[in-house]
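Scope of the values below: all heavy atoms of this structure, side chains included, with no hydrogens, waters or symmetry mates.
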Amino acid sequence: FTVVRVLIAMDLLENIDSIGQSLQAPLRYTIATTAMASSNKPTLIPLVVSHGQRVLSEEDFLAFVSTARESLLKMVATIGAPRVINATAALMDSVPQSTADMLPKHSGRSKDEYIYSDIRSRGESLWRSVYSRQADKLEQKIGNWYPDLIEVIKTDLYGRLLSDCRILDAKSTELCTIAALVPIDVPAQLKSHVLGAGRLGASQEEIDAAHAIAQLIYSFSE
């Protein structure tokens with residue numbers, strides 16, 4: 001970054017803080033990181049990391065890095081593996097080694113815990129929480145298009161991935177999903193997850209903030 005571009009980026013971070021005041025800071029920066037991944041702007045992520053180091057406590061900074069990694073992983077379901085890989089690299093390559101050393105070194109998703117019926121049930125529960133009265137209709141529509149598609153969505157994406165709330169809870173996952181959907185211009189899915197976030201406990205202020213942060217980042221010229 002040139003000096004001018006750094007100053008512009010600093011202004012972006014100040015705007016993120018301003019419009020994201022209704023969100024706790026670690027989640028605010030997780031949402032910003034997610035939107036940067038979706039917007040294919042991973043070079044902005046180190047600036048969020050550096051900013052987080054300056055303004056967050058050590059505990060909150062660790063929470064941000066942990067939830068940002070988890071959000072990126074979960075957004076494989078939304079923006080695809082290539083952008084997630086690039087964003088995760090940008091995140092972790094800019095995190096101080098002392099922080100990285102405090103993160104788990106082995107996957108918490110053991111194959112031994114994946115009993116199909118349990119995962120399918122967990123996915124079903126989240127699916128209905130997000131889509132409410134539209135859940136059955138949407139499942140039938142997707143299943144009619146391709147039965148394997150709804151099976152993978154409900155079991156692998158909603159069951160195994162999105163409903164795992166050990167690091168990032170369901171409400172926060174939906175807010176991050178909003179941030180991932182804004183840049184990819186899918187209004188029907190965005191509307192569904194805005195409603196889903198509300199059903200999972202997000203306030204209108206939190207939903208608006210996630211949307212505004214994502215729109216700001218998507219519109220930002222590097």
Side-chain angles (χ1 to χ4, degrees), residues 1-72 74-75 78-79 83-84 86-96 98-100 102-103 167-184 190 193-194 197-198 200-222:
F1 282 86
T2 65
V3 172
V4 173
R5 293 175 74 190
V6 167
L7 292 173
I8 293 172
M10 288 175 64
D11 185 60
L12 171 67
L13 294 168
E14 289 177 1
N15 286 332
I16 289 170
D17 279 335
S18 177
I19 64 179
Q21 290 182 17
S22 62
L23 301 161
Q24 292 187 346
L27 177 58
R28 183 191 313 153
Y29 301 140
T30 292
I31 286 170
T33 300
T34 305
M36 289 168 182
S38 180
S39 300
N40 200 25
K41 297 175 180 177
T43 56
L44 293 177
I45 293 174
L47 296 173
V48 179
V49 173
S50 179
H51 183 64
Q53 279 186 273
R54 291 195 302 272
V55 302
L56 297 175
S57 67
E58 181 179 346
E59 180 181 2
D60 281 349
F61 181 69
L62 179 63
F64 153 59
V65 175
S66 179
T67 55
R69 287 202 313 179
E70 183 72 4
S71 175
L72 292 173
K74 287 185 170 185
M75 293 311 119
T78 306
I79 64 174
R83 291 191 180 192
V84 166
N86 292 341
T88 303
L91 173 71
M92 295 310 299
D93 286 348
S94 57
V95 166
S98 58
T99 301
M102 290 188 280
L103 296 167
I167 298 174
L168 193 68
D169 64 33
K171 181 188 85 169
S172 300
T173 297
E174 279 297 285
L175 291 171
C176 289
T177 301
I178 290 170
L181 290 171
V182 167
I184 61 176
L190 177 59
H193 285 280
V194 164
L200 289 168
S203 68
Q204 190 60 52
E205 290 76 15
E206 290 173 319
I207 292 169
D208 290 345
H211 191 289
I213 288 171
Q215 188 62 56
L216 178 69
I217 290 165
Y218 176 61
S219 303
F220 179 76
S221 297
E222 294 187 73

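- Considering CE of Met36 and CG of Leu72, their distance stands at 11.5 Å, rounded to 0.5 Å.
- Side-chain contact between Val55 and Phe61 is absent, with no heavy-atom pair separated by less than 4.5 Å.
- Counting only heavy atoms from C-beta outward, the side chains of Ile16 and His51 never approach each other to under 4.5 Å.
- Phe220 is not listed as a side-chain neighbour of Ser39, based on a closest heavy-atom distance of 4.5 Å or more.
- Remark: side-chain polar atoms of Ser94 are paired, donor with acceptor, to backbone N or O of Ala90 under 3.5 angstrom.
- Of all heavy-atom pairs spanning Pro183 and Ala180, the tightest one is CD-O, 3.4 Å.
- Here the CD1 atom belonging to Ile31 is positioned 4.5 Å from the CG atom belonging to Leu23, to the nearest 0.5 angstrom.
- Residues Thr30 and Ser71 have side chains that never bring a donor and an acceptor to within less than 3.5 angstrom of each other.
- Put simply, the side chain of Leu103 reaches to within 4.5 Å of the side chain of Met92, judged on heavy atoms.
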side-chain contact (heavy atoms from CB on, under 4.5 Å), that's the test. Do Asp60 and Gln24 meet it? Break it down for me.
CA-CA 10 Å; Asp60 281 349; Gln24 292 187 346; over 6 Å; no

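- The NE2 atom of His211 lies 15.5 Å from the CD atom of Glu206; values are rounded to the nearest 0.5 Å.
- Taking CG of Leu12 as the start and NZ of Lys41 as the end, the distance is 9.0 Å to the nearest 0.5 Å.
- The closest side-chain heavy-atom distance from Ser38 to Thr78 is not below 4.5 Å.
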Set out, in order, the CA-CA distance, both residues' side-chain angles and the distance that settles side-chain contact (heavy atoms from CB on, under 4.5 Å) for Arg69 and Ile167, then state yes or no.
CA-CA 9 Å; Arg69 287 202 313 179; Ile167 298 174; over 6 Å; no

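- A distance-only check finds no donor-acceptor pair linking the side chain of Lys74 to the backbone of Cys176 [under 3.5 Å].
- Atoms CG and CG, on Leu56 and Leu62 in that order, are 11.0 Å from each other to the nearest 0.5 Å.
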Between Leu91 and Phe64, does a side-chain contact (heavy atoms from CB on, under 4.5 Å) hold up when you go through it step by step?
CA-CA 11 Å; Leu91 173 71; Phe64 153 59; 4.3 Å; yes

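- Tyr29 places none of its side-chain heavy atoms less than 4.5 Å from the side chain of Ile45.
- Closest heavy-atom contact between Gln21 and Arg28: CA-NH2, 4.1 Å.
- Other residues, nucleotides and ligands contribute more than 12 heavy atoms inside 6.0 Å of the CD atom of Gln215.
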Could you please spell out the steps behind the side-chain contact (heavy atoms from CB on, under 4.5 Å) verdict for Leu27 and Thr67?
CA-CA 8 Å; Leu27 177 58; Thr67 55; over 6 Å; no

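- With respect to Ile213, the side-chain contact (heavy atoms from CB on, under 4.5 Å) criterion is satisfied by exactly one of Asn15, Ile19, Leu175: Ile19.
- Annotation for Ala100 and Val95: closest pair N-CG1, 3.9 Å, computed over non-hydrogen atoms.
- Note that CD of Glu14 is 8.0 Å distant from CG of Asp17, once rounded to the nearest 0.5 Å.
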